[in-house]
**Student:** 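Below are the structure tokens for one structure; questions will follow.
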Amino acid sequence: MYQAARGTSDILPEEQPYWHYVEQKAADICRLYGYQRIDTPIFEDTSLFSRSAGEYSDIVQKEMYTFEDRGGNSLTLKPEGTPPVCRAYIQHGLSNRPQPVKLYYITPIFRYDRPQAGRYRQHYQFGCEAIGEADAALDAEVIEMSWQFFKSLGLTRFSLQINSIGCKQCRPGYLVELTEYYAGYRAELCKDCKTRLEKNPLRLLDCKQAGCQRLADAAPRNLDYLCFECKEHFSNLQKYLEILSIPFEVNHRLVRGLDYYTRTVFEFQPEEEGSQSTLGGGGRYDYLIEELGGKPTPGIGLAIGIERTILNLKKENVRVPILPGLKVLMTNVGEETRDESMKIAAMLRREGISATSTAGGKNLKAQLRQANSLGVRYAIIIGENEVKTGTVTVRDMADSSQKTVPVSDLVSFIKKEA
RNA sequence: GUGAGUGUAGCCCAGCGGUUAAGGCGCCAGGUUGUGGCCCUGGAGAUCGAGGGUUCAAAUCCCUCCACUCACCCCA
């Protein structure tokens, strides 16, 4: 039997209310903060991703779904949302619009990773990018927006961590300090951290191994090595967050796994203990546009995992609105009444009232049972009597009351009752 | 990529070497000649995750593979 490919899943009708709810709230919050929707292709030139995420990032090293098309081009299924939006910003000359340009998306993301609860090979992200402005006020707004998004969904048990990882001016100096510090403890590092020391020393800080954690706690802090501008940027960010009453925690070990981040990085974490500790996160990327071939342009973005958000909605027992279902089911007694029943169903639909007629030659009892399990408000019964008199029997499934209504009055009757 | 656990009808699950694999939910039908939800009765639905092996005999023991879950890694 065929089954969905590993790490992918079907979203059945019962789950859809959650998805609709989250997507709706995302659209609402974006409207509130002036973000406009953008959709980019599901695959891009492989180099767009390998250039931006960083040669030694896990995404590029082992998680990309890369394939060659018939023309011999190397393409990759979107492993993250930011680079395609930056590409679109450059390609369409969005730098000519009022800055910052604020865009959002809801997109599938593909990463070849070992599946786990809350972790999939195809998952969905709600992401925002604000491009063309370096002011920390914008960082604060983006973070506040994420905060309000989770709040508006009804989530209460999550927290926010922020950090600054500096810029081109100050990071190299810090990395030298960090590397020198760790070089002294080389022997005590775990296997992964030994490679991190060579390839990507910043990542040493968020290793979870107990021994490495001790070293990380005592390691030189990025925040102590920030240049004047970065320091000011970070203190402004904190000031703004306080003005906006967003509670946060500074975590000097928060670094994030993508090389293009500069200055601000942030992460939202659910309070609940679990293996998946990130609900969403993001950061500033002031060199990315330039690296991808555009003119120097600062930007900041965020990405929120929709599956993880839904997981937490369930954990917190948030009730989501049910989606409107079918309003009317046409039932008929006797074969000759089918034509009339089809006609009336069509009439109702043209008036914007959802209606279908039962299929097959079932008896009335079975048809009503179907009406019951579909949860329709009305079952409309048509038998020979009704056809003869040009009427219809309208049964209100909620209270079992029935009324005989002339076909000519049916639409207004149902609209009035609703 | 590494380690551990699990895998029985659409769903939840009993059985853990021996005649036709049990139960609940759901589904379908009957109990009403034109009437749902409750109740009663009946029915359909399972090559016991897949393949191979051990045995007179395997859902039950062994091996391989696949999937899911958990931990690591990493992230959303």
Side-chain angles (χ1 to χ4, degrees), chain A residues 1-9 12 14 22 53 56-63 78-82 106-127 146 190-193 195-196 200 203 206-210 212 254-258 265 267-270 273-282 301-312 329 331-334 337 358 360 362-387 392-402:
Chain A
M1 191 173 53
Y2 283 113
Q3 50 186 322
R6 180 161 211 203
T8 69
S9 57
L12 297 175
E14 303 81 84
V22 172
Y56 298 110
S57 66
D58 279 13
I59 287 179
V60 172
Q61 290 236 303
K62 54 187 194 190
E63 295 177 3
K78 222 189 275 187
E80 48 163 344
T82 301
I106 293 174
T107 182
I109 294 290
F110 302 88
R111 290 181 197 168
Y112 187 87
D113 209 341
R114 184 89 175 250
Q116 218 172 291
R119 197 175 79 184
Y120 310 93
R121 287 183 175 179
Q122 175 179 350
H123 76 276
Y124 291 81
Q125 286 185 6
F126 159 43
S146 327
C190 72
K191 195 168 134 283
D192 289 325
C193 278
T195 35
R196 288 186 184 116
N200 194 347
R203 302 239 43 140
D206 68 348
C207 182
K208 272 80 176 181
Q209 304 286 326
C212 299
L254 179 66
V255 295
R256 315 266 313 148
L258 300 164
V265 291
E267 212 168 278
F268 287 87
Q269 307 185 339
E273 279 302 309
S275 53
Q276 310 310 332
S277 59
T278 310
L279 208 46
L302 77 93
I304 291 168
I306 296 186
E307 286 85 349
R308 289 185 186 177
T309 300
I310 291 175
L311 209 66
N312 282 277
L329 185 70
T331 65
N332 59 305
V333 186
T337 57
T358 57
K362 292 176 174 174
N363 60 26
L364 221 215
K365 183 188 172 122
Q367 293 182 73
L368 284 172
R369 198 157 44 219
Q370 191 181 342
N372 187 58
S373 62
L374 286 173
V376 299
R377 176 68 194 278
Y378 300 109
I380 292 181
I381 303 167
I382 301 180
E384 284 169 23
N385 299 338
E386 285 85 352
V387 173
V392 110
T393 298
V394 180
R395 181 179 179 82
D396 187 328
M397 296 300 285
D399 62 12
S400 301
S401 66
Q402 291 193 177

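Letters A, B, ... are given to chains in the order of the sequence lines, protein chains preceding strands, and every chain is numbered from 1.
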**Student:** Determine the contact category for A:I109: base if any of its heavy atoms lies under 4.0 Å from a base atom, sugar-phosphate if only primed atoms, P, OP1 or OP2 are that close, otherwise nothing.
**Tutor:**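 Since no nucleic acid heavy atom lies under 4.0 Å of A:I109, the category is nothing.
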**Student:** Select base, sugar-phosphate, or nothing to describe what A:G7 touches, counting heavy atoms under 4.0 Å on all strands.
**Tutor:**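 Sugar-phosphate, no base atom in range.
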**Student:** Both distances under 3.5 Å, Watson-Crick or G-U wobble: on that basis, could you give the dot-bracket string for RNA chain B, with [ ] for crossing pairs and | for other-strand partners?
**Tutor:** ((((((((.[[[..)..(....]]].(((((.......))))).....[[[[[..)....]]]]])))))))....
**Student:** Measure from CG on A:L254 to P on B:rC75 and round the result to the nearest Å.
**Tutor:**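 Rounded to whole Å, this separation is 10 Å.
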**Student:** Which part of the nucleic acid, if any, lies within contact of A:R203, taking any heavy atom under 4.0 Å across all strands shown: a base, the sugar-phosphate backbone alone, or nothing?
**Tutor:**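 Here A:R203 touches the backbone only, sparing every base.
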**Student:** Students often get this wrong, so: under 4.0 angstrom with heavy atoms, is A:Q402 touching a base, only sugar-phosphate, or nothing?
**Tutor:**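 Since a base atom lies under 4.0 Å of A:Q402, the category is base.
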**Student:** Using modelled atom types and a 3.5 Å cut-off, is there a donor and acceptor pairing between side-chain atoms of A:R121 and backbone atoms of A:D113?
**Tutor:**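 Side chain of A:R121 to backbone of A:D113, a donor-acceptor pair under 3.5 Å: yes, one is there.
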**Student:** Which atom pair, heavy atoms only, marks the closest approach of A:M397 to A:A371?
**Tutor:**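 Scanning both residues completely, I find the closest heavy atoms to be CE-CB, 4.0 Å.
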**Student:** Check whether the side chain of A:R308 and the base of B:rC75 form a donor-acceptor pair under 3.5 Å.
**Tutor:**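 Looking at the base of B:rC75, it does pair with a donor or acceptor on the side chain of A:R308 (distance under 3.5 Å).
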**Student:** What pair of heavy atoms forms the shortest contact from A:T337 to A:E384, and how long is it?
**Tutor:**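 That closest heavy-atom pairing would be CG2-N, 4.0 Å.
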**Student:** Between A:D396 and A:I304, just flag the one whose closest nucleotide in RNA chain B comes earlier from the 5' side.
**Tutor:**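 It is A:D396, whose closest nucleotide lies nearer the 5' terminus.
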**Student:** Mind checking if A:Y120 touches a base, just sugar-phosphate, or nothing, with heavy atoms under 4.0 Å?
**Tutor:**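 Base contact.
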**Student:** Need one value for A:L279: base, sugar-phosphate or nothing, where a base atom within 4.0 Å counts as base even if backbone is also close, heavy atoms only.
**Tutor:**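 Sugar-phosphate contact only.
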**Student:** If only side-chain N and O atoms count, and only distance matters, is there a donor-acceptor pair under 3.5 Å linking A:T8 with A:Q122?
**Tutor:**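 Looking only at side-chain atoms, A:T8 and A:Q122 do not form any donor-acceptor pair under 3.5 Å.
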**Student:** Does A:Q122 reach a base, just sugar-phosphate, or nothing at all? Heavy atoms under 4.0 Å.
**Tutor:**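 Here A:Q122 touches no strand at all.
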**Student:** Indicate, with a heavy-atom threshold strictly under 4.0 Å, whether A:G127 touches base, sugar-phosphate, or nothing.
**Tutor:**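 Result for A:G127 = nothing.
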**Student:** Starting at atom CG of A:D399, determine the distance to atom P of B:rU35, rounded to an integer number of angstrom.
**Tutor:**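 My rounded result for the distance is 19 Å.
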**Student:** Would you say A:Q116 and A:R114 make side-chain contact, with heavy atoms under 4.5 Å?
**Tutor:**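 Not in contact.
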**Student:** Whole angstroms only, please: what is the CD-C1' distance between A:Q370 and B:rG37?
**Tutor:**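 Whole-Å distance recorded here is 15 Å.
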**Student:** Specify the separation, in whole Å, of atom NZ of A:K62 and atom C1' of B:rC72.
**Tutor:**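 Between C1' of B:rC72 and NZ of A:K62: 10 Å.
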**Student:** Using the side chain to side chain contact (heavy atoms under 4.5 Å, CB included) criterion, which residues pair with A:E386? Sequence neighbours excluded.
**Tutor:**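 Scan of A:E386 (side chain to side chain contact (heavy atoms under 4.5 Å, CB included), adjacent residues dropped) gives A:I382, A:T391, A:T393.
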**Student:** Kindly list each side-chain donor-acceptor pair under 3.5 angstrom involving residues 363-370 of chain A, sequence neighbours excluded, with atom names and distances?
**Tutor:**
from, atom 1, to, atom 2, distance (Å)
A:N363, OD1, A:K365, N, 3.4
A:N363, OD1, A:A366, N, 2.9
A:Q367, OE1, A:N332, N, 3.0
A:Q367, OE1, A:T358, OG1, 2.6
A:Q367, NE2, A:N332, O, 2.8
A:Q367, NE2, A:K362, O, 2.9

**Student:** May I ask you to evaluate whether A:Q3 reaches the phosphate of B:rC66, defined as a side-chain N or O under 4.0 Å from OP1 or OP2?
**Tutor:**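 Negative; the distance criterion is not met.
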**Student:** With sugar-phosphate meaning primed atoms plus P, OP1 and OP2, does A:D113 contact a base, only sugar-phosphate, or nothing at under 4.0 Å between heavy atoms?
**Tutor:**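 Base, at least one base atom sits under 4.0 Å.
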**Student:** I'd like to know if A:D396 pairs up with A:R377 as an ion pair, taking the criterion as any Lys NZ or Arg NE/NH1/NH2 lying under 4.0 Å from an Asp or Glu carboxylate oxygen.
**Tutor:**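 A salt bridge links A:D396 with A:R377.
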**Student:** For the residue pair A:P79 and A:I109, what are the closest heavy atoms and their distance?
**Tutor:**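 In terms of heavy atoms, the two residues are closest at O-CG2, 3.2 Å.
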**Student:** For the P atoms, the ones on B:rU47 and on B:rG10, what distance do you get once it is rounded to whole angstrom?
**Tutor:**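 About 8 Å, rounded to a whole number of Å.
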**Student:** Shortest non-hydrogen contact from A:Q125 to A:G81?
**Tutor:**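 Scanning both residues, the minimum pair turns out to be OE1-N, 4.4 Å.
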**Student:** So what does A:R256 touch, heavy atoms closer than 4.0 Å: a base, only the sugar-phosphate, or nothing?
**Tutor:**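 The answer is sugar-phosphate, as A:R256 gets under 4.0 Å only of primed atoms, P, OP1 or OP2.
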**Student:** What nucleotide, of B:rG34, B:rU35, B:rG1, holds the atom closest to the side chain of A:R395?
**Tutor:**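 In terms of side-chain proximity for A:R395, the closest of B:rG34, B:rU35, B:rG1 is B:rU35.
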**Student:** When the distance from CG of A:N372 to C1' of B:rG37 is rounded to whole Å, what number comes out?
**Tutor:**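 It works out to 4 Å between those atoms.
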**Student:** So which heavy atom on A:F268 is nearest to which on A:S146, and how close?
**Tutor:**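 Where A:F268 meets A:S146 most closely, the heavy atoms are CE1-CB, 3.4 Å.
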**Student:** Closest-nucleotide mapping onto RNA chain B: is A:Y124 or A:G383 further toward the 5' terminus? I mean the 5' end.
**Tutor:**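 Result: A:G383.
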**Student:** Record whether the side chain of A:R119 comes under 3.5 Å of the base of B:rC73 through a donor-acceptor pair of N or O atoms.
**Tutor:**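 Per atom types, the contact qualifies.
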**Student:** With respect to the side chain of A:P115, which nucleotide from B:rG34, B:rG1, B:rC68 is positioned closest?
**Tutor:**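 Of the candidates, B:rC68 comes closest.
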**Student:** For A:R308 and A:L279, indicate whether the former's side chain and the latter's backbone hold a donor-acceptor pair under 3.5 Å.
**Tutor:**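 No; judged by distance alone, with no hydrogens or angles, the pair does not exist.
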**Student:** Measure from the side chain of A:D58, starting at C-beta and using heavy atoms only, and say which of B:rA76, B:rC73, B:rU35 lies closest.
**Tutor:**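 The nucleotide sitting nearest to the side chain is B:rC73.
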**Student:** Identify the pairs formed between an N or O of the protein and an N or O of nucleotides 26-32 of chain B at a distance under 3.5 Å, and give each distance.
**Tutor:**
from, atom 1, to, atom 2, distance (Å)
B:rA29, OP2, A:R369, NH2, 2.6
B:rG30, OP1, A:N363, ND2, 3.3
B:rG30, OP2, A:N363, ND2, 3.4
B:rG31, N7, A:K365, NZ, 3.4

**Student:** Tell me the closest heavy-atom pair linking A:I59 and A:L258, and the distance in Å.
**Tutor:**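 That closest heavy-atom pairing would be CD1-CD2, 3.7 Å.
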**Student:** What N/O pairs connect the protein and nucleotides 5-12 of chain B at under 3.5 Å? Give each pair on its own line.
**Tutor:**
none

**Student:** As a test of reading the structure: which of B:rA76, B:rU35, B:rC70 is closest to the side chain of A:Q125, going by heavy atoms?
**Tutor:**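 Of B:rA76, B:rU35, B:rC70, B:rA76 is nearest to the side chain of A:Q125.
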**Student:** Rounded to the nearest angstrom, tell me the gap between atom CZ in A:R114 and atom P in B:rC68.
**Tutor:**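 It is 10 Å, rounded to the nearest whole Å.
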**Student:** Listed by chain and number, what are the side chain to side chain donor-acceptor pair (under 3.5 Å) partners of A:Y120, not counting sequence neighbours?
**Tutor:**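 Testing A:Y120 for side chain to side chain donor-acceptor pair (under 3.5 Å), a comparison that skips the adjacent residues, returns none.
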